[in-house]
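Below is one structure, written out as structure tokens; the observations come after it.
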2 protein chains.
Amino acid sequence: MSHTLGIRQAQKQKTRRALLDAALELLEGQNLSSLGLREVTRAVGVAPTAFYRHFRSVADLGVALVEEALDSLHPTIRTTVSTAGDGEERIARAVALIAAHVDAYPAHVRFIIRERHGGVRPVREAIREQLARFAEEVGEALADDPVSAGWSEDDRLMLAQLYVDQMLATASLFLEALETEAGPPERERVTRLAARRLRLIGIGRRHWLDGPAEGDRGTP
Amino acid sequence: MSHTLGIRQAQKQKTRRALLDAALELLEGQNLSSLGLREVTRAVGVAPTAFYRHFRSVADLGVALVEEALDSLHPTIRTTVSTAGDGEERIARAVALIAAHVDAYPAHVRFIIRERHGGVRPVREAIREQLARFAEEVGEALADDPVSAGWSEDDRLMLAQLYVDQMLATASLFLEALETEAGPPERERVTRLAARRLRLIGIGRRHWLDGPAEGDRGTP
DNA sequence: CGGTTGCGATGACAGTTGTTCACTGACCAC
DNA sequence: GTGGTCAGTGAACAACTGTCATCGCAACCG
């Protein structure tokens with residue numbers, strides 16, 4: 001764009017892309033920690049040593065994948081939180097957006113969900129960091145919402161993390177529905193389930209500042 | 001117990017235990033899909049071929065670990081749901097119980113959390129099945145609770161799954177706090193965070209049947 | 001145009017892996 | 001006591017892994 005990079009660099013980035021894509025595909029059936037360097041280069045059709053020109057190790061490729069996968073998620077999450085409309089409509093749109101994202105980038109979603117608690121430390125931390133950024137972003141959006149007016153910073157972040165967690169859990173369910181033979185009905189079931197979960201959280205949110213939960217505490 | 005099993009079978013179960021324990025220890029730093037059969041037998045001090053006398057494959061050992069790990073969690077979850085007391089006290093006890101369980105069986109907890117979305121199909125399914133059983137159990141407990149009176153079966157299960165998910169998320173946070181050098185303060189932070197999450201869910205629960213969310217929908 | 005840069009290819013290294021086979025020898029039922 | 005059962009052994013296999021120094025050759029820069 002700014003200055004057309006030479007044939008050389010273009011070719012390099014092309015094989016880099018090929019490595020990332022091949023790895024992502026291979027990761028549909030296994031973990032990152034069991035993914036071999038040679039396995040990836042073989043799938044691309046380059047020599048094993050060529051791998052080192054692009055990544056220091058497989059874990060390094062992993063964190064590159066994290067950035068890529070969560071960057072693709074970023075616009076989705078932004079649209080989700082800024083979606084206009086009343087409660088029920090907001091929920092429906094949010095769930096639909098998650099479903100659409102899973103349809104568009106199933107491999108990315110699976111990778112993030114699988115490696116979030118996976119065995120490769122740097123990848124885990126990269127995911128955690130990016131998700132924390134998401135939560136922060138959601139938290140800021142909540143600050144502008146009248147429903148969350150008067151909330152403490154901590155409480156807002158707590159809710160934001162809850163939303164992010166919910167988003168991932170829902171995405172995971174959609175993904176499972178996607179790989180099941182009986183897809184569409186299961187998909188519908190997940191949609192309704194996710195909507196009800198968000199509804200319950202939303203209700204809790206609206207009554208958060210109602211004061212001490214009624215009828216719970218007898219002590220002053 | 002019923003009839004003392006011979007020296008032979010006792011010895012066999014002993015090495016079986018050794019294999020399971022060694023595997024669990026090795027899994028603290030890696031995934032099940034990257035765990036080698038020889039790696040396990042080497043740690044125990046037996047010949048690689050001895051492995052086959054106990055498990056068909058590493059995945060097979062994995063599902064055995066699932067049963068063991070989630071059996072240890074079973075009493076904990078039972079105690080949690082049946083804990084008496086009002087809302088706030090219930091929450092505090094539940095969180096404390098989770099923390100205690102993580103302290104008692106950190107390797108088990110890490111294994112479940114890591115392999116829940118891991119790369120080994122049969123293990124994933126075993127975990128899903130067991131967690132579904134837990135959710136069902138929690139759902140039954142909710143049916144006896146006056147707060148959830150009048151709820152549909154579906155809604156009760158939705159809430160139960162939400163609680164189970166929350167439990168795992170909280171356990172994961174406690175586990176991270178456990179492996180951090182600055183343990184105790186982080187642990188306290190997680191305790192408060194988890195309590196607030198449960199509080200919010202509890203509030204949503206109490207107002208679930210309040211009718212259409214007030215102020216949200218203008219249409220009749 | 002000529003020298004330099006650097007992506008990718010080659011071949012080889014020492015280890016590792018899962019699985020097989022025939023085998024030993026201690027326990028256990030008869 | 002004797003013979004069978006079976007947990008564990010040891011050697012061997014083909015295949016695989018990450019990493020090394022080295023090379024070729026096209027693209028780049030002055």
Side-chain angles (χ1 to χ4, degrees), chain A residues 1-23 25-27 29-65 118-123, chain B residues 1-27 29-65 115 118-123:
Chain A
M1 307 291 188
S2 54
H3 61 77
T4 44
L5 66 176
I7 299 179
R8 198 137 185 197
Q9 307 239 349
Q11 187 54 243
K12 177 170 182 179
Q13 296 223 353
K14 201 170 153 192
T15 61
R16 188 190 137 98
R17 265 252 55 84
L19 287 171
L20 287 168
D21 290 344
E25 193 166 348
L26 288 167
L27 281 172
Q30 65 189 302
N31 276 328
L32 181 68
S33 65
S34 72
L35 180 68
L37 171 158
R38 295 182 97 111
E39 203 177 345
V40 180
T41 58
R42 195 186 312 131
V44 174
V46 297
T49 49
F51 185 92
Y52 293 108
R53 303 278 182 196
H54 303 273
F55 307 100
R56 208 181 302 272
S57 65
V58 182
D60 208 32
L61 178 146
V63 314
L65 276 180
V120 185
R121 167 80 64 90
V123 171
Chain B
M1 306 300 183
S2 53
H3 62 75
T4 43
L5 66 177
I7 298 180
R8 192 111 183 227
Q9 307 242 348
Q11 188 54 243
K12 176 170 183 179
Q13 296 222 353
K14 201 171 154 191
T15 62
R16 187 188 139 99
R17 265 251 55 86
L19 287 171
L20 287 168
D21 290 343
L24 205 55
E25 193 166 348
L26 289 167
L27 283 171
Q30 65 189 301
N31 276 327
L32 181 68
S33 66
S34 72
L35 180 68
L37 171 158
R38 296 182 98 112
E39 204 177 344
V40 180
T41 57
R42 195 185 314 130
V44 173
V46 298
T49 49
F51 185 93
Y52 293 107
R53 301 280 178 198
H54 302 272
F55 307 101
R56 206 181 305 270
S57 66
V58 182
D60 206 34
L61 177 146
V63 314
L65 276 180
E115 300 303 329
V120 185
R121 168 79 64 90
V123 171

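Here is the naming used below: chain letters follow the sequence lines, and residue numbers restart at 1 for every chain.
For B/Lys12 and D/dG8, the NZ to P distance is 8 Å, given to the nearest whole Å. Taking atom CD1 of B/Ile7 as the reference point, atom C1' of D/dC6 lies 15 Å away to the nearest angstrom.
A heavy-atom distance below 4.5 Å is not found between the side chains of B/Glu25 and B/Asp21. Annotation: side chain of B/Leu65 is in contact with side chain of B/Leu27 (closest heavy-atom distance under 4.5 Å).
Between A/Val46 and B/Gln9, the residue anchored closer to the 5' end of DNA chain C is A/Val46, taking for each the nucleotide with the nearest heavy atom. Comparing B/Arg8 and B/Arg53 by the nucleotide of DNA chain C that holds the closest heavy atom to each, the one mapping nearer the 5' end is B/Arg53.
With rounding to the nearest 0.5 Å, the separation of CG in A/Leu26 from CZ in A/Arg42 is 9.0 Å. Taking CG of B/Leu37 as the reference point, atom OH of B/Tyr52 lies at 5.0 Å (rounded to 0.5 Å). Expressed to the nearest 0.5 Å, how far CZ of B/Phe51 lies from CZ of B/Arg38 amounts to 12.5 Å.
Panel note: side chain B/Glu115, backbone B/Leu32; a donor-acceptor pair is recorded below 3.5 Å.
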Report all side-chain donor-acceptor pairs from residues 8-15 of chain B shorter than 3.5 Å, counting only partners two or more places apart or in another chain.
residue : atom : partner : partner atom : Å
B/Thr15 : OG1  : B/Lys12 : O            : 2.9
B/Thr15 : OG1  : B/His54 : NE2          : 3.1

Dump every N/O contact between nucleotides 17-21 of chain D and the protein below 3.5 Å, one line per pair.
residue : atom : partner : partner atom : Å
D/dT17  : OP1  : A/Arg42 : NH2          : 3.3
D/dT17  : OP2  : A/Arg42 : NH2          : 2.6
D/dG18  : OP1  : A/Leu37 : N            : 2.5
D/dG18  : OP2  : A/Leu37 : N            : 3.3
D/dG18  : OP2  : A/Arg38 : N            : 2.9
D/dG18  : N7   : A/Arg38 : NH1          : 2.4
D/dG18  : O6   : A/Arg38 : NH1          : 2.8
D/dT19  : OP2  : A/Tyr52 : OH           : 2.5
D/dT19  : O5'  : A/Tyr52 : OH           : 3.2
D/dT19  : O4   : A/Arg38 : NH1          : 3.4

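The footprint of chain B on DNA chain C, defined by a heavy-atom cutoff below 4.0 Å, extends from C/dT17 to C/dC28.
With sequence neighbours excluded, the residues forming a side-chain contact (heavy atoms from CB on, under 4.5 Å) with B/Ala18 are B/Val44, listed by chain and number. Shown here are the side-chain contact (heavy atoms from CB on, under 4.5 Å) partners of B/Arg121, two or more places apart in sequence or in another chain: B/Arg124, B/Glu125.
Minimum heavy-atom separation, A/Leu20 to A/Ala64: CD2-CB, 4.2 Å.
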message: Pairs counted only when both distances fall under 3.5 Å, Watson-Crick or G-U: show me the 5' to 3' dot-bracket for DNA chain D, [ ] for pseudoknotted crossings and | for other-strand partners.
response: ||||||||||||||||.|||||||||||.|
